Amino acid sequence: MAKEVTSDYWDKDRVATEEPKEYNTLNVGPTHPATHGVFQNIMLMDGEYIVSTEQTIGYIHRAFEKIAERRPFYQVTPLTDRLNYCSAPLNNMGWHMTVEKLLGIETPKRVDYLRIVVMELARIADHIICNSVIGVDSGALTGFTYMFQDREFIYEIYEEICGSRLTTNMGRIGGFERNFSPKAWEKIKHFLDYYPAKLKEFETLLTRNRIFMDRTINVGAFPLDRALAYGFTGPNLRACGLDYDVRVMNPYCSYEEFEFTVPIGQNGDTYDRFMVRQAEMKQSLSIIQQALDKLDALEDKETYYARDPRFVLPPKEKVYNNMEALIWHFKIVMGETDIPAGEVYHCIEGANGELGFYLVSDGGRTASRLHFRRPGFIYYQAYPEMVQGTMLSDAILTMSSMNVIAGELDA
Amino acid sequence: MFEIIPERNQSVIAKLTSSFSNSIEHHELMNDMLCITVKKESIAEILLFLRDDKELQYNFLTTLCGMHYPEKDQLGVVYHLHSFVNNHRIRLKTATLISDPTIPSATSVWPTTNWMEREAYDFFGIQFVGHPNLTRILNVDDMVDFPLRKEFPLEDQTRDDKDDSQFGR
């Protein structure tokens with residue numbers, strides 16, 4: 001595409017000195033190793049520099065909002081797994097809490113603390129992926145290979161708790177499906193013991209690394225007012241310098257009892273986003289430790305679900321021996337629980353922003369409308385503005401530091 | 001759980017009714033959030049007013065989503081606003097007839113509504129007047145239906161083992 005060069009109307013003899021520029025169109029994606037997901041950017045390039053970007057998304061759209069209108073509530077949990085699949089337990093817990101809010105189920109303290117342990121582990125796992133991938137995109141593969149061991153270890157903890165690893169379908173409405181096993185506790189404690197040193201090792205590789213700093217500082221910077229206008233939340237907003245955290249602003253799941261700080265950045269650039277996530281991992285470790293202390297202080301060591309007969313399955317030995325319990329079990333599994341009419345919005349601090357569930361029920365057995373506020377979908381639309389005028393290699397780094405997850409983007 | 005501050009809700013209602021007395025149709029407390037139904041013609045002005053008012057300062061649009069009310073032949077849009085300054089959330093609702101599915105776009109007030117409005121158009125066919133690029137976003141471009149409307153079938157309709165009555169509908 002040639003840029004129009006208009007000569008000065010009044011000076012007819014003047015020769016246009018500027019050569020018409022030639023722009024190239026570059027397709028980044030839909031399947032490009034550097035985008036870490038299935039989405040396309042059609043970039044208009046002036047040499048190495050980006051003139052404009054057009055985004056195409058929706059390659060893995062799976063109509064979750066439509067499917068959720070025909071599923072009983074407990075069958076919506078696997079759908080939420082597949083939103084931000086890097087931190088599936090967070091999505092699961094957020095959904096359970098939404099339903100509990102609609103139905104007015106009070107969860108016991110022990111359930112809240114157990115959930116916090118799992119949610120903060122998921123946050124660490126998500127930040128591990130995002131931060132080590134920032135390293136990869138700036139050319140440092142080592143940190144990635146180090147940190148993925150720890151993510152693997154967190155997945156082993158998930159496995160002990162619920163049996164699955166990536167798409168966890170963890171917990172039930174009202175609590176958990178089973179108590180944490182001794183092995184799970186052992187692994188959580190081991191993780192708390194060894195992980196801080198590992199995190200420090202990772203930090204020494206990158207945070208004061210000259211190459212990494214040159215590649216990330218002042219790259220993809222975004223001012224706070226634009227970030228607010230674009231609906232940024234989570235680490236991306238906090239890197240711009242605003243300490244908005246749902247855990248503090250609208251505490252859920254007993255977060256108000258926990259002591260932690262909300263790390264913020266200053267410039268909203270790639271380095272700040274990286275550093276905010278690093279600091280958040282440390283805060284998450286402290287929260288898990290506090291939750292373990294609180295669990296130790298509780299006398300009750302057995303409760304892992306709220307006693308609400310509408311959603312919590314009866315114990316198996318009763319189902320096998322008692323007709324009423326069998327009917328009760330059957331009704332829950334077949335989704336024959338009537339939901340009161342009403343609407344509710346519940347949000348949690350997901351790993352990459354405010355994850356919201358807007359649930360409308362008209363009194364049937366399923367939701368009449370369920371809308372997911374997917375943070376990635378909302379902040380990814382600012383990407384063209386963020387990368388305009390920057391180099392392609394920096395744009396790749398900016399994208400990975402935004403933590404855009406294709407599953408969440410496309411619902 | 002969100003904190004319920006009745007005075008805050010009252011001041012929002014008072015301010016809105018004094019400035020837009022003809023546009024406020026209904027307001028109620030739903031679960032824990034103030035929910036205000038407004039006429040569609042003034043939705044963009046109301047969003048701007050709520051954003052710029054010195055006292056209310058709803059400086060963050062959390063989410064926007066489309067709705068379908070088949071019993072009223074209406075399509076709706078739901079906005080969630082959040083004031084970081086007062087830490088208060090409200091929900092705004094507006095609706096339009098399916099025969100005339102136009103609603104003023106909020107993109108001039110909130111750039112973040114760009115994709116959310118495209119999503120609502122994509123799934124419900126709501127025409128946002130004044131949107132810079134109202135095209136489909138998640139579905140394929142040559143799709144003709146609006147899949148989140150209630151009449152759009154979810155599963156293979158030739159199957160008779162999955163009728164709606166089994167699902168409470």
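Below, read A as the first sequence line, B as the second, and so on, with proteins coming before strands; counting in each chain starts at 1. Note that this is a predicted model, so its numbers are computed, not measured.
Residue B/Val78 touches chain A through its side chain alone, counting heavy-atom pairs closer than 4.5 Å. Only the backbone of A/Phe232 comes within less than 4.5 Å of a heavy atom of chain B; no side-chain atom from C-beta onward does. Contacts between B/Phe152 and chain A at a heavy-atom distance below 4.5 Å involve backbone atoms as well as side-chain atoms. Residue A/Ile339: no heavy atom, backbone or side chain, is found under 4.5 Å from chain B. Residue A/Glu343 touches chain B through both its backbone and its side chain, counting heavy-atom pairs closer than 4.5 Å. Neither the backbone nor the side chain of A/Glu256 comes within contact range of chain B; no heavy atoms are under 4.5 Å apart.
Checked by atom type, the side-chain pair A/Asn250/B/Arg89 shows a donor-acceptor distance below 3.5 Å.
Aromatic ring orientation, A/Trp95 versus A/Phe357: tilted (interplanar angle from 30° to 60°). Between A/Tyr244 and B/Phe84, the two ring planes are parallel [angle under 30°; tilted spans 30° to 60°].
Contact count versus chain A (heavy atoms, under 4.5 Å) is highest, among B/Gly66, B/Pro147, B/Pro111, for B/Pro111. The most heavy-atom pairs under 4.5 Å with chain B, out of A/Glu65, A/Lys66, A/His61, come from A/Lys66.
For residues 221-235 of chain A, the pairs satisfying salt bridge (Lys or Arg N to Asp or Glu O under 4.0 Å) are A/Arg226-A/Glu385, with sequence neighbours left out.
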Legend entry - Worked verdict on B/Tyr58 versus B/His88 for side chain to side chain donor-acceptor pair (under 3.5 Å): CA-CA 8 Å; B/Tyr58 286 94; B/His88 189 250; 2.7 Å; yes
Inset, instruction - Could you give me the CA-CA distance, side-chain angles and deciding distance for A/Asn91 and A/Thr80, then say whether side chain to side chain donor-acceptor pair (under 3.5 Å) is met? - result: CA-CA 6 Å; A/Asn91 309 344; A/Thr80 66; 5.6 Å; no
Inset, instruction - For the pair B/Arg149 and B/His68, evaluate side chain to side chain donor-acceptor pair (under 3.5 Å) and give the outcome as yes or no after the intermediate values. - result: CA-CA 6 Å; B/Arg149 288 192 184 172; B/His68 181 205; 5.4 Å; no
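The contact list for residues 233-243 of chain A toward chain B, using heavy atoms and a distance under 4.5 Å, reads A/Thr233, A/Leu237, A/Leu242 by residue number.
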